[in-house]
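Report on one structure; see the data block that follows.
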Amino acid sequence: MGHGTLPRLFSPVTDPSSVDLEKVANVIVEQSLRDATFSKESGKMCYTIIQAESKESGRSIFRSSLLNRLQTEYRNREEMRARSVQEWVCYVSFICNIFDYLRINNMPMLALVNPVYDCLFQLAQPESLQREEEVDCLVLQLHKVGEQLEKMNAQKMDELFSLLRDSFLLQNALGSLAQLLLLEMIEYRAAGWKMTDAAQKYYYSEVSE
């Protein structure tokens, strides 16, 4: 399915009862696994459809279908990563995007906390840190949802950053860009999930060179 078919997905926003919302959820997940740009933007679309369905009928067919499909892909994540790192990175981006947008009583969804952490722990393994696309994904997602995740489970975030520090200190095989990005992320969290102007200038001038 190409981008040309995507506008049809927006009919659930205006008239949720006119479409098969389970099918729409599957289409969005499948597109997100194939398209890195779409996977970063689809959380907002899912949030909008969920709001529209709730307002129209008070039901949550779309949200249930979306979470069921995310869970299925989560259970198969090791096979997915072995099959295609690109698909795996898209999945992590997508589940983090959903975690970022979906709220129940103004709180992130508890059901997504452990799956998101598990994905980030996989990205923090020494073998994953050898791959630039996995390092990029890890850093981007921590910038996006790290602070929220820490509020939901601070102990797990401590464990994740302990793993990252060990990798940074012990992994001679890490590329210089991976080392730079990991150090930036460690300092970013230490500063309360904020980047100082000086750090931003330093890291991004290094990356651009």
Side-chain angles (χ1 to χ4, degrees), residues 29 32-33 36 39-40 42-44 46-47 50 63-64 66-82 85 87-171 173-174 178-196 199 203:
V29 173
S32 295
L33 295 180
S39 71
K40 292 171 188 169
S42 44
K44 189 172 185 178
C46 291
Y47 172 78
I50 288 166
R63 188 178 74 189
S64 298
L66 178 67
L67 293 176
N68 285 341
R69 181 63 191 272
L70 274 174
Q71 187 176 44
T72 300
E73 299 298 341
Y74 168 75
R75 283 197 297 263
N76 298 329
R77 66 193 182 283
E78 289 178 18
E79 294 91 329
M80 181 195 297
R81 184 172 174 268
V85 172
E87 190 178 334
W88 154 244
V89 164
C90 283
Y91 174 74
V92 178
S93 177
F94 181 59
I95 195 173
C96 288
N97 209 261
I98 295 299
F99 174 78
D100 191 30
Y101 272 99
L102 264 57
R103 291 281 185 276
I104 293 179
N105 298 327
N106 217 26
M107 288 286 289
M109 291 193 68
L110 203 56
L112 291 176
V113 173
N114 283 336
V116 169
Y117 263 122
D118 287 347
C119 290
L120 297 181
F121 269 91
Q122 175 58 62
L123 291 174
Q125 297 303 315
E127 47 158 338
S128 296
L129 294 173
Q130 305 299 318
R131 290 172 160 157
E132 194 174 309
E133 58 264 60
E134 290 191 276
V135 176
D136 284 347
C137 182
L138 174 65
V139 170
L140 280 171
Q141 303 321 315
L142 281 170
H143 270 287
K144 183 185 289 181
V145 300
E147 188 173 6
Q148 290 179 66
L149 272 176
E150 183 163 44
K151 286 174 184 170
M152 303 299 282
N153 189 332
Q155 184 184 340
K156 274 214 160 187
M157 190 60 75
D158 286 341
E159 291 168 13
L160 179 63
F161 271 78
S162 177
L163 180 61
L164 288 178
R165 276 190 293 274
D166 288 348
S167 297
F168 177 74
L169 293 170
L170 303 174
Q171 279 297 311
L174 278 186
Q179 287 182 337
L180 191 71
L181 290 172
L182 287 187
L183 180 60
E184 181 261 306
M185 182 47 62
I186 290 165
E187 293 188 351
Y188 179 70
R189 184 198 178 209
W193 301 100
K194 293 180 178 65
M195 182 174 281
T196 63
Y203 288 116

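Residue numbers count from 1 along this sequence.
Sequence neighbours left out, the pairs with a member in residues 101-113 that pass side chain to side chain donor-acceptor pair (under 3.5 Å) are Arg103-Gln148. For residues 135-145, the set of pairs meeting the salt bridge (charged side-chain N to carboxylate O under 4.0 Å, His left out) definition, not counting sequence neighbours, is empty.
Arg189 meets the side-chain hydrogen bond (donor to acceptor under 3.5 Å, both in side chains) test with Glu150, Asp158; sequence neighbours excluded. For Asp118, the salt bridge (charged side-chain N to carboxylate O under 4.0 Å, His left out) partners two or more places apart in sequence, or in a different chain, are Lys156. Residues that satisfy the side-chain hydrogen bond (donor to acceptor under 3.5 Å, both in side chains) test with Glu78, not counting sequence neighbours, are absent from this structure. Remark: Glu134 pairs with Arg81, Arg131 by the salt bridge (charged side-chain N to carboxylate O under 4.0 Å, His left out) rule, at least two apart or across chains. Taking Arg75 as the reference, nothing meets the salt bridge (charged side-chain N to carboxylate O under 4.0 Å, His left out) condition, with sequence neighbours excluded. Partners of Tyr47 according to the ring-ring contact (aromatic ring centres under 6.0 Å, His included) rule, which considers only residues two or more places apart in sequence or in another chain, do not exist here. For Glu79, there are no salt bridge (charged side-chain N to carboxylate O under 4.0 Å, His left out) partners at least two apart in sequence or on another chain. Applying the side-chain hydrogen bond (donor to acceptor under 3.5 Å, both in side chains) test to Glu133 and every residue at least two apart in sequence or in another chain returns nothing. Residues satisfying the side chain to side chain contact (heavy atoms under 4.5 Å, CB included) criterion with Ala124, sequence neighbours excluded, are Leu138, Leu160, Leu163, Leu164. For Ala36, the side chain to side chain contact (heavy atoms under 4.5 Å, CB included) criterion is met by Gln86, Cys90, not counting sequence neighbours.
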Practice problem: Apply side-chain contact (heavy atoms from CB on, under 4.5 Å) to the pair Leu67 and Gln71, showing each step before the final yes or no. | Solution: CA-CA 6 Å; Leu67 293 176; Gln71 187 176 44; over 6 Å; no

Quiz prompt | Derivation of the side-chain contact (heavy atoms from CB on, under 4.5 Å) call for Phe94 and Leu33 | solution = CA-CA 8 Å; Phe94 181 59; Leu33 295 180; 5.7 Å; no

Practice problem: In sequence, state the C-alpha distance, the side-chain angles, and the governing distance for Met152 and Met157, and then conclude on side-chain contact (heavy atoms from CB on, under 4.5 Å). | Solution: CA-CA 9 Å; Met152 303 299 282; Met157 190 60 75; over 6 Å; no

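By the 30° and 60° cut-offs, the orientation of the rings of Trp193 relative to Tyr188 is perpendicular.
Within the 4.5 Å cutoff, the side chain of Met107 has no heavy atoms near those of the Lys151 side chain. Contact annotation: the side chain of Asn153 never approaches that of Leu149 to less than 4.5 Å [non-hydrogen atoms, C-beta and beyond]. Using a 4.5 Å heavy-atom threshold, the side chains of Glu187 and Leu183 count as touching.
In this structure, Asp100 contributes its side chain and Cys96 its backbone to no donor-acceptor pair below 3.5 Å. In terms of modelled atom types and a separation under 3.5 Å, the side chain of Asn76 and the main chain of Thr72 share a donor-acceptor contact. Remark: side-chain polar atoms of Tyr91 are paired, donor with acceptor, to backbone N or O of Leu70 under 3.5 angstrom. Tyr74 places no side-chain N or O within 3.5 Å of a backbone atom of Leu112 that could act as its donor or acceptor partner.
Between atom CG of residue Asn97 and atom CG of residue Leu102 there is a gap of 10.0 Å, rounded to the nearest 0.5 Å. Between Glu147 atom CD and Lys194 atom NZ the span is 6.0 Å, to the nearest 0.5 Å. Considering OG of Ser32 and CG of Leu66, their distance stands at 9.0 Å, rounded to 0.5 Å. Residue Leu110 holds its CG atom at 9.0 Å from CZ of Phe99, rounded to the nearest 0.5 Å. Rounded to the nearest 0.5 angstrom, Ser39 OG and Ile98 CD1 are separated by 10.0 Å. With rounding to the nearest 0.5 angstrom, the OG atom of Ser128 is 4.0 Å from the CD atom of Gln122.
When all heavy atoms of Ala178 and Leu129 are compared, the closest pair comes out as CB-O, 4.1 Å.
A 6.0 Å sphere centred on CD of Glu132 holds no more than 12 heavy atoms belonging to other residues, nucleotides or ligands.
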